Amino acid sequence: MATVPVYCICRLPYDVTQFMIECDACKDWFHGSCVGVDEDDAPDIDIYHCPNCEKTHGKSTLKKKKNWNKHDTGQSGDVKPVQNGSQVFIKELRSRTFPSSEDVVVKLSGCQLTVDYLEENSFNEPILIQKKEGLGMTMPAPTFYVSDVENYVGPDVLVDVVDVTKQTDSKMKLKEFVDYYYSTNRKKVLNVINLEFSDTRMASIVESPLIVRRLSWVENYWPDDALLGKPKVTKYCLICVKDSYTDFHIENGGASVWYHVLKGEKIFFLIKPTSANLSLYERWRSSSNHSEMFFADQVDKCYKCTLKQGQTLFIPSGWINAVLTPVDCLAFSGHFVHNMSVEMQMRAYEVEKRLKVASLTPFPNFETACWYTGRHYLERFRSLHKSNKQPAPYLVHGAKIINGAFRSWTKKQALLEHEDELPENMKPTQLIKDLAKEIRIAEVRFWVHVFTAFVMFCKAIPPASPSTQEAIQGMLSMANLQSSDTCLQPAWNNSQAKNNSHTGPASKKPAGGAAATGNSKRPAKRPPKKPQKSSSVDSADMFDDDQDHLDACFKDSDYVYPSLESEEDNPIFKSRSKKRKNSDDTPYSPTARVGPSVPRHERPAREGARVASIETGLAAAAAKLSHQVHHSLKHYPIQYQKIILSSF
């Protein structure tokens with residue numbers, strides 16, 4: 001029977017799971033753990049001598065590095081660029097001052113963070129929860145620590161470990177990392193940030209916040225029986241030692257993220273996802289020396305937010321953030337994509353694809369999640385429309401963004417790149433067509449509802465203030481229904497003119513035909529006209545008049561929406577017979593007076609001119625309209641609601 005070769009000073013057989021290094025003198029192989037050589041350091045060794053050969057051949061020698069400054073620990077006297085994550089960098093980062101996060105972070109109690117709250121106030125700024133009570137979140141007891149993580153997950157599970165100084169990652173058994181964590185002599189700063197434990201025993205003692213489960217596309221729209229399994233992004237364990245640092249990044253798929261610190265503390269550096277900042281981020285991240293540039297120096301403001309033990313932080317989609325661990329820390333987190341940030345999620349996803357940067361926390365099959373969400377939108381919109389209800393504007397806007405992405409992904413030249421993420425039994429062309437139809441229905445219904453209320457508003461109450469006009473314009477803008485000044489302004493002017501015309505008797509129109517009469521006699525009846533065929537010139541004139549009016553209206557690719565002027569003033573809605581009422585063939589009336597027109601003088605309104613019953617009716621109508629508008633505006637920011645409703 002052949003003997004198994006043994007190696008190293010431990011004289012054990014070869015183990016594929018353990019790193020080994022060859023001695024350049026005796027040519028024997030040694031386990032890195034036995035001779036004190038880390039796998040990460042091996043590429044830097046030029047000539048290696050084992051402990052026995054060191055006595056006769058001297059110590060091992062390192063390779064000469066041209067760019068050693070990339071991992072400079074700060075001990076050299078030369079002035080060199082500082083690597084993000086190095087000791088010098090961490091020391092400088094701790095000493096710097098940043099704008100307080102009080103300006104951007106919203107503080108709530110756990111019970112306040114609900115879907116209704118986010119629908120009313122949006123989810124565009126980070127939210128800090130001081131205590132976990134009310135969040136519907138399950139966390140281990142305060143006595144739970146890193147050794148317990150090993151017991152629940154398993155000591156032999158391979159985890160990605162980040163070398164903070166070098167900003168590189170490698171794999172290590174969880175047991176080995178836990179041993180490092182508890183060691184008193186840490187030669188390196190290592191941290192674990194992507195231990196996803198959904199399939200381990202620890203999943204039973206950790207539950208994400210209820211708001212996350214309510215919003216998550218993966219939790220709500222991804223079928224349990226789908227051939228492609230759900231992305232495992234909901235439960236992460238973060239084990240970070242003091243001075244751990246994660247450089248600036250955007251979560252993959254534009255996902256929002258929640259963090260809860262069980263033990264220790266974390267410091268977040270937060271940058272708003274403005275268009276300018278996102279462009280700067282993409283340029284910085286694509287630079288070959290981005291690890292030597294602190295991204296916060298390139299933007300207008302970077303906010304510092306300290307997350308203490310027992311607190312929970314929610315970071316919205318697209319926010320650019322870096323994380324510093326000032327003390328040893330055990331935390332839990334999770335990623336989720338949702339309906340309230342569809343546009344930002346899609347934008348971040350496009351940035352991610354252009355950068356082509358590998359991440360330790362990817363969001364796998366993001367496009368598949370979008371397809372399932374698109375199907376949900378279609379079913380939900382159909383159900384609401386059948387019940388004569390209107391989907392929330394943010395849902396309609398999100399559906400438009402997703403449907404636009406579907407069209408892009410299914411183009412002939414792009415299909416090959418995206419077809420792998422298309423769910424089974426999904427008909428993309430039909431889904432795109434049906435969803436577009438439901439979106440159009442929702443937009444038209446919403447537009448009609450808003451402008452009907454708007455016209456009633458103009459007719460029943462004094463001329464609106466500029467702030468009210470701005471609020472209505474903002475409401476339309478949020479609904480993605482931009483209206484031009486040429487469409488809105490005639491309505492305001494028309495309303496004000498009508499209000500002025502009803503303030504006195506001098507504004508009454510004569511009851512006659514083309515010219516006003518000076519007596520009370522009724523004008524002679526117009527003899528019936530014989531039907532005539534309109535000439536091509538007349539038809540062309542009519543078309544030109546109609547077209548001129550349409551040019552002043554809001555239009556999109558599918559519909560034309562006439563302006564808000566009343567039907568009697570609108571040539572589009574007049575019949576052809578009414579349109580020719582003032583044409584040149586008006587019969588001669590001997591009772592009509594022809595004379596110079598005299599300018600009318602403004603007269604003050606008479607006291608008590610309005611009948612009490614009319615006032616009562618107007619008040620009732622205004623109250624009813626106020627209720628309708630309040631109901632329709634509930635999904636809009638509170639500042640718009642207050643301005644509009646203050647007018648009723």
Side-chain angles (χ1 to χ4, degrees), residues 10 12 15-20 31-41 132 137-166 168-208 231-246 257-266 307-312 323-335 359-362:
C10 64
L12 291 176
D15 184 354
V16 69
T17 64
Q18 294 192 49
F19 162 71
M20 299 188 75
H31 297 115
S33 58
C34 293
V35 295
V37 177
D38 289 338
E39 184 177 2
D40 291 341
D41 294 332
K132 70 182 182 67
M137 176 175 65
T138 304
M139 283 290 147
T143 55
F144 189 89
Y145 209 41
V146 175
S147 56
D148 298 301
V149 175
E150 179 186 352
N151 294 332
Y152 273 89
V153 175
D156 295 328
V157 172
L158 290 177
V159 295
D160 292 306
V161 178
V162 177
D163 184 326
V164 174
T165 301
K166 296 183 179 181
T168 58
D169 63 275
S170 60
K171 291 192 178 295
M172 182 184 293
K173 287 185 178 181
L174 181 56
K175 181 183 185 305
E176 296 175 351
F177 180 80
V178 172
D179 291 341
Y180 154 82
Y181 186 90
Y182 284 112
S183 65
T184 57
N185 184 22
R186 298 170 179 168
K187 295 181 180 180
K188 294 184 177 182
V189 179
L190 305 178
N191 69 339
V192 172
I193 60 173
N194 73 331
L195 175 54
E196 216 288 335
F197 57 90
S198 295
D199 293 334
T200 70
R201 289 195 304 121
M202 195 161 69
S204 62
I205 61 173
V206 176
E207 187 60 85
S208 59
K232 299 185 183 302
V233 295
T234 57
K235 294 181 179 181
Y236 287 104
C237 179
L238 291 73
I239 311 173
C240 307
V241 301
K242 179 184 177 182
D243 291 340
S244 293
Y245 174 76
T246 302
V257 59
W258 63 272
Y259 289 92
H260 178 81
V261 174
L262 188 68
K263 287 184 180 296
E265 187 176 300
K266 281 191 173 293
L307 189 65
K308 297 184 180 298
Q309 184 168 312
Q311 295 180 342
T312 307
V323 189
L324 173 66
T325 306
V327 295
D328 289 358
C329 179
L330 175 61
F332 295 95
S333 74
H335 298 175
S359 172
L360 290 179
T361 55

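Model, not experiment: these values are computed from the prediction.
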**Request:** List the steps, then state whether side chain to side chain contact (heavy atoms under 4.5 Å, CB included) holds for Thr325 with Asn191.
**Result:** CA-CA 10 Å; Thr325 306; Asn191 69 339; 5.6 Å; no

Got a second to check how far [X]'s [atom1] is from [Y]'s [atom2], nearest 0.5 Å?
X: Leu238; Y: Thr246; atom1: CG; atom2: OG1; answer: 8.0 Å
X: Thr168; Y: Asp163; atom1: OG1; atom2: CG; answer: 4.5 Å
X: Lys235; Y: Thr200; atom1: NZ; atom2: OG1; answer: 8.5 Å
X: Leu158; Y: Glu176; atom1: CG; atom2: CD; answer: 8.5 Å
X: Cys34; Y: Leu12; atom1: SG; atom2: CG; answer: 7.5 Å

If you define the side chain from C-beta out and look only at heavy atoms, does anything of [X] sit under 4.5 Å from [Y]?
X: Val149; Y: Phe144; answer: yes
X: Ser208; Y: Thr234; answer: no
X: Leu330; Y: Cys237; answer: yes
X: Leu190; Y: Val241; answer: no

**Prompt:** Would you call the rings of Phe332 and Phe197 parallel, tilted or perpendicular, where under 30° means parallel and over 60° means perpendicular?
**Reply:**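 Aromatic pair Phe332/Phe197 classed perpendicular.
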
Please answer whether the main-chain N or O of [Y] pairs with a side-chain N or O of [X] as donor and acceptor at a distance below 3.5 Å.
X: Asp160; Y: Lys171; value: no
X: Lys263; Y: Pro142; value: yes
X: Tyr181; Y: Val146; value: no
X: Gln309; Y: Gly264; value: yes
X: Arg201; Y: Gly154; value: no
X: Tyr180; Y: Lys188; value: yes
X: Lys266; Y: Val261; value: no
X: Tyr152; Y: Ile205; value: no
X: Glu196; Y: Tyr236; value: no

**Request:** Take Ile193 and Cys240, measure what side chain to side chain contact (heavy atoms under 4.5 Å, CB included) needs, and give me the verdict at the end.
**Result:** CA-CA 7 Å; Ile193 60 173; Cys240 307; 4.2 Å; yes

**Complete:** Residue set satisfying salt bridge (Lys or Arg N to Asp or Glu O under 4.0 Å) with Glu150, at least two apart, ordered chain then number -> none

Could you tell me which non-hydrogen atom of [X] sits nearest to which non-hydrogen atom of [Y], and how far apart they are?
X: Ala203; Y: Ser198; value: CB-O, 3.4 Å
X: Ser244; Y: Val164; value: CA-CG2, 3.8 Å
X: Leu262; Y: Pro140; value: CD1-O, 3.7 Å

**Prompt:** Do NZ/NE/NH1/NH2 and the carboxylate oxygens of Asp243 and Arg186 come within less than 4.0 Å?
**Reply:**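 Result for this pair is no, no salt bridge flagged.
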
**Asked** Counting only heavy atoms not in Lys132, do more than 12 fall under 6.0 Å of its NZ?
**Response** yes

**Request:** Go through the steps for Val206 and Met139 under the test side chain to side chain contact (heavy atoms under 4.5 Å, CB included), then give the verdict.
**Result:** CA-CA 5 Å; Val206 176; Met139 283 290 147; 3.9 Å; yes

**Prompt:** So Ile239 and Val159, side chain to side chain contact (heavy atoms under 4.5 Å, CB included) or not? Walk me through it.
**Reply:** CA-CA 11 Å; Ile239 311 173; Val159 295; over 6 Å; no

